[in-house]
**Q** 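Please see the structure below; I have some questions.
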4 protein chains.
Amino acid sequence: MPIKEPSRARDDVGSNSIDSVTMGKSLRADARRNRERILDVATKVFATEGLDVPIDEIANRAGLGVGTVYRHFPTKEELFEAVVFRFKQRLIDKAMEMLEHDDPGPAFFNFLSLIVREGMGNKALIAALASGMDIHRPLSGISLDFRNALGELLNRAQLAGSVRNDIQVTDITAILCGVVRTLEYNDDYGLSERILSVVCDGLRGRCNL
Amino acid sequence: MPIKEPSRARDDVGSNSIDSVTMGKSLRADARRNRERILDVATKVFATEGLDVPIDEIANRAGLGVGTVYRHFPTKEELFEAVVFRFKQRLIDKAMEMLEHDDPGPAFFNFLSLIVREGMGNKALIAALASGMDIHRPLSGISLDFRNALGELLNRAQLAGSVRNDIQVTDITAILCGVVRTLEYNDDYGLSERILSVVCDGLRGRCNL
Amino acid sequence: MPIKEPSRARDDVGSNSIDSVTMGKSLRADARRNRERILDVATKVFATEGLDVPIDEIANRAGLGVGTVYRHFPTKEELFEAVVFRFKQRLIDKAMEMLEHDDPGPAFFNFLSLIVREGMGNKALIAALASGMDIHRPLSGISLDFRNALGELLNRAQLAGSVRNDIQVTDITAILCGVVRTLEYNDDYGLSERILSVVCDGLRGRCNL
Amino acid sequence: MPIKEPSRARDDVGSNSIDSVTMGKSLRADARRNRERILDVATKVFATEGLDVPIDEIANRAGLGVGTVYRHFPTKEELFEAVVFRFKQRLIDKAMEMLEHDDPGPAFFNFLSLIVREGMGNKALIAALASGMDIHRPLSGISLDFRNALGELLNRAQLAGSVRNDIQVTDITAILCGVVRTLEYNDDYGLSERILSVVCDGLRGRCNL
DNA sequence: TATGAATGAGCATTCATTCAT
DNA sequence: AATGAATGAATGCTCATTCAT
């Protein structure tokens, strides 16, 4: 499944071959390092402070100028999306692992649990999941991938009879989003446990009335 | 600089109908009407656009000057709280009705359903419920009332055996908040139905593990 | 010396004689009482908080509506001028007393001392004196009277040889204004004493190079 | 939100003249020029119109955007303080000169005269001096320096017998502040001369009682 | 390519003054 | 005459984004 980087131009090849030999490589490495640094900082900052932090703040904490941030991410939104990209990529990896190693039911439910654990108090992940919910704009590449991975887990769990059959992937993303947002202002551990248990029970299927 | 409370209440009308005709509290009536208008507009605008709408916008849409809005609600936050107040008041009323007329189980679950229906796509209600979740500041009057009403419904449902006993009110408000936020950008009816059913099932109690 | 009230219209006489008989007198009394109350409050508030207090605040503290304040004083500035009027009137009275009862020298210097004492920490009086200094707008009636009273004291003190002959009234008002403003943020008693003594010494006349 | 200091100093030029031609610190130079321009404008505007001029006005007159002004001076107050800084710095320099070159007495009195001349009609300087008088907040760096310079002048003048011994520095700043404020609306030259002479005479010491 | 200076629209809030009742 | 509601211009300040160096 090819994952396309979100719109990051890189149209400088060809003529600057000399540069590439003399110092181009190192520049590119520098740039890549900066990009990573920005993402790291943005990830942490968005996670802890939410989306309202000014870009200047992020640039500062990354030890870079604003201009540099904007060179890599032409828009605050795009920066955020890149952060989202990372989150989802990591989660997708986890999903893949679980798909390979675990039994269908546990794989699915453990994945949910994982997300909840990671999302607790992480405003960026919360916003990331929420942004994937917006029905009004089409799912970007990574979100699609994420949904597909989740769908895979769900499917197998349903085939194994561990999850109600009427449930759709969207329902799961929605529920995840909800649970995780629920915990935005509330890191009481018992709470998340109980909510997760309610949701999982509900997903397993009704048994009374 | 101390902010003076914006001349609330004094809504005892009735017998002074003659006064109202001759020269009575009609200015007061005007003011009250404006206040209502502001609240109406704010409710709608906050609901559809979120909390970021400028006060000027609200004033404009209400056909009033900014100053008038600020006279009634000295702070944007207070305006929002007034909107929240209304929402919660209405929900509390509904809860009371259900407490009186319905059986414990249905009363509880119907109330959840009601909230979900009302909250769907309503950013203001969502924010309202979310604001009640912030563990860091104590519940204000109406939010307390709301929680109490919900607690009452939950209690009776638990006594009647319709809801798991380990569930607490906070869990419910959290779940509601989550579900409703989930549907912020998504008004697909089937979705909300399924999520609700999952949650309700989960709340009823586990039957398989 | 006729002192004219600062532009306070009072053009309702004649035809409303009936009103004056039935209830007019009491209304006028009411109005006059309100006017006094506003002035009292404004005097105190301007003195302690400075000229930046909103008119609403004054109206509130006076237990009246803003409209009432504006009825009596069509402009914030006019209100302030009325306050100034009072201050200066009182000072003029004192000056008159001193003119009658005290010797020329002491009369003059005691008067200065009095003003300094009254002006210390009284932002309104300070502003009042300062407003009288503005060369760009002509002296209003009371300020003229005040200056004249001061001039009288000065004259006699000069004739008695207690004050340098080259000093003019304006110099005195200016100096007073300065001394009093000096003490605006500084209520240390010794300070005002010393400053006063320097100024008075200086006024008495030079004795060394 | 932490406010970062506006990139002061670094005024070591000289040898890098080549850099300046090719591509040197010209941006920095631009910024510095803007900073100066803002300060110049603010100085003039504050001086002539007082502290109430909107920042937008200053930005306009400087031909810059508001944001630029705020970049250099994060707060209106800080802008004003920077203006004050300049004034006081210049005065301190003058004081130093006089300390070196003039005899104690004349040095002191000429300094007073200088301040009065500069402060006449200069609302900014007046406010600057006044701000140094506020007993409620401790003196900032430059104001302390200013007071010290003045103290030095005073001391020497007192040792030389040119000034009354009971006078303290605070008295002098207070008097200066007062005299200068006195002249806020009044640029009549004779007036300031006479006031100054009165004050100076007073400071020299009493000779008659 | 990196930098950070400049920009300016945007926003919450205040307050003198007017006006309907 | 009194009231206080309405008005809206004005202001300090923020922050996403552009641009010159």
Side-chain angles (χ1 to χ4, degrees), chain A residues 12 19 23-24 27-28 30-31 34 52-57 59-60 64-72 74-77 79, chain B residues 1 3 6-7 22-32 34-35 52-57 59 63-72 74-77 79, chain C residues 12 19 23-24 27-28 30-31 34 52-57 59-60 64-72 74-77 79, chain D residues 1 6-7 22-35 52-57 59 63-72 74-77 79:
Chain A
D12 49 292
D19 278 317
M23 53 173 292
L27 267 186
R28 181 153 284 161
D30 239 46
N34 280 345
D52 281 343
V53 245
I55 290 286
D56 291 65
E57 175 82 9
N60 272 343
L64 299 169
V66 225
T68 307
V69 174
Y70 271 93
R71 162 169 296 277
H72 289 288
T75 282
K76 192 178 184 181
E77 199 178 343
L79 172 57
Chain B
M1 223 172 300
I3 294 166
S7 72
T22 47
M23 57 165 290
K25 318 275 164 141
S26 56
L27 197 159
R28 211 117 228 179
D30 238 44
R32 205 180 299 151
N34 279 343
R35 192 173 196 276
D52 281 344
V53 239
I55 290 284
D56 291 65
E57 173 80 11
L64 298 168
V66 224
T68 307
V69 174
Y70 274 95
R71 156 171 284 272
H72 289 287
T75 282
K76 191 178 184 180
E77 197 179 340
L79 173 56
Chain C
D12 49 292
D19 279 315
M23 54 176 292
L27 266 187
R28 182 153 281 162
D30 239 44
N34 280 344
D52 281 343
V53 245
I55 290 285
D56 291 67
E57 176 79 10
N60 274 342
L64 299 169
V66 224
T68 307
V69 174
Y70 271 93
R71 162 168 297 275
H72 289 287
T75 281
K76 193 181 182 177
E77 200 179 338
L79 172 56
Chain D
M1 224 171 302
S7 74
T22 47
M23 55 169 288
K25 317 274 164 139
S26 57
L27 199 156
R28 209 120 230 175
D30 238 47
R32 205 177 303 150
R33 195 173 312 137
N34 280 342
R35 192 175 195 276
D52 280 344
V53 239
I55 290 285
D56 292 64
E57 174 79 10
L64 298 168
V66 222
T68 305
V69 174
Y70 276 98
R71 156 171 284 272
H72 290 288
T75 281
K76 190 178 183 179
E77 198 179 339
L79 173 56

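Heavy-atom basis, side chains included; hydrogens, waters and symmetry copies ignored. Because the structure is predicted, anything quoted here is derived from the model rather than measured.
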**Q** Hey, does the side chain of C:Asn34 come within less than 4.0 Å of F:dA1's phosphate (OP1/OP2), counting only N and O?
**A**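 For F:dA1, neither OP1 nor OP2 has a side-chain N or O of C:Asn34 closer than 4.0 Å.
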
**Q** So, taking the atom named CG in B:Leu79 and the one named CZ in B:Arg35, what distance separates them when rounded to the nearest 0.5 Å?
**A**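 The distance works out to 9.0 Å.
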
**Q** Do you know which two heavy atoms are closest between D:Val69 and D:Ala59, and how far apart they sit?
**A** CG2-CB, 3.7 Å

**Q** Look for any protein N or O under 3.5 Å of an N or O in nucleotides 16-18 of chain F and output each such pair with its distance, or none.
**A**
unit_1	atom_1	unit_2	atom_2	d
F:dA16	OP1	A:Lys76	NZ	2.8
F:dA16	OP2	A:Ile55	N	2.9
F:dT17	OP2	A:Tyr70	OH	3.4
F:dT17	OP2	A:Lys76	N	3.1

**Q** Output the rounded distance in Å from CZ (D:Arg71) to C1' (F:dT14).
**A**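 My rounded result for the distance is 13 Å.
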
**Q** Nearest-nucleotide wise, let me know which of B:Gly65 and C:Thr68 is further upstream toward the 5' end of DNA chain F.
**A**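 Comparing both residues, the 5'-ward one is C:Thr68.
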
**Q** Rounded to the nearest 0.5 Å, how far apart are CG of A:Leu64 and NE2 of A:His72?
**A**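 Interatomic distance, A:Leu64 CG to A:His72 NE2, rounded to 0.5 Å: 7.5 Å.
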
**Q** Which heavy atom in D:Ile55 sits nearest to a heavy atom in D:Lys76, and how many Å separate them?
**A**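 Minimum heavy-atom separation between D:Ile55 and D:Lys76: CD1-CG, 3.7 Å.
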
**Q** Would you say a side-chain N or O of C:His72 is under 4.0 Å from OP1 or OP2 of F:dA2?
**A**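 True: C:His72 side-chain N/O within range (under 4.0 Å) of F:dA2 OP1/OP2.
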
**Q** List the residues meeting side-chain contact (heavy atoms from CB on, under 4.5 Å) with C:Val53, not counting sequence neighbours, and say none if there are none.
**A** C:Val45, C:Phe46, C:Glu49, C:Glu57

**Q** Quick one: C:Glu57 CD to F:dG4 C1', roughly how many Å, whole number?
**A** 16 Å

**Q** Looking at the side chain of A:Ala31, which of E:dA2, F:dT3, F:dG4 is the nearest nucleotide?
**A** E:dA2

**Q** Would you give the length of the straight line joining atom OH of C:Tyr70 to atom OG1 of C:Thr75, rounded to the nearest 0.5 angstrom?
**A**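 One finds 7.0 Å between OH of C:Tyr70 and OG1 of C:Thr75.
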
**Q** In terms of the nearest nucleotide of DNA chain E, which residue is placed more toward the 5' end: A:Leu64 or D:Val69?
**A** A:Leu64

**Q** So what does the secondary structure string of DNA chain F come out as, 5' to 3', with Watson-Crick or wobble pairs under 3.5 angstrom, [ ] for crossing and | for pairs with another strand?
**A** .||||||||||||||||||||

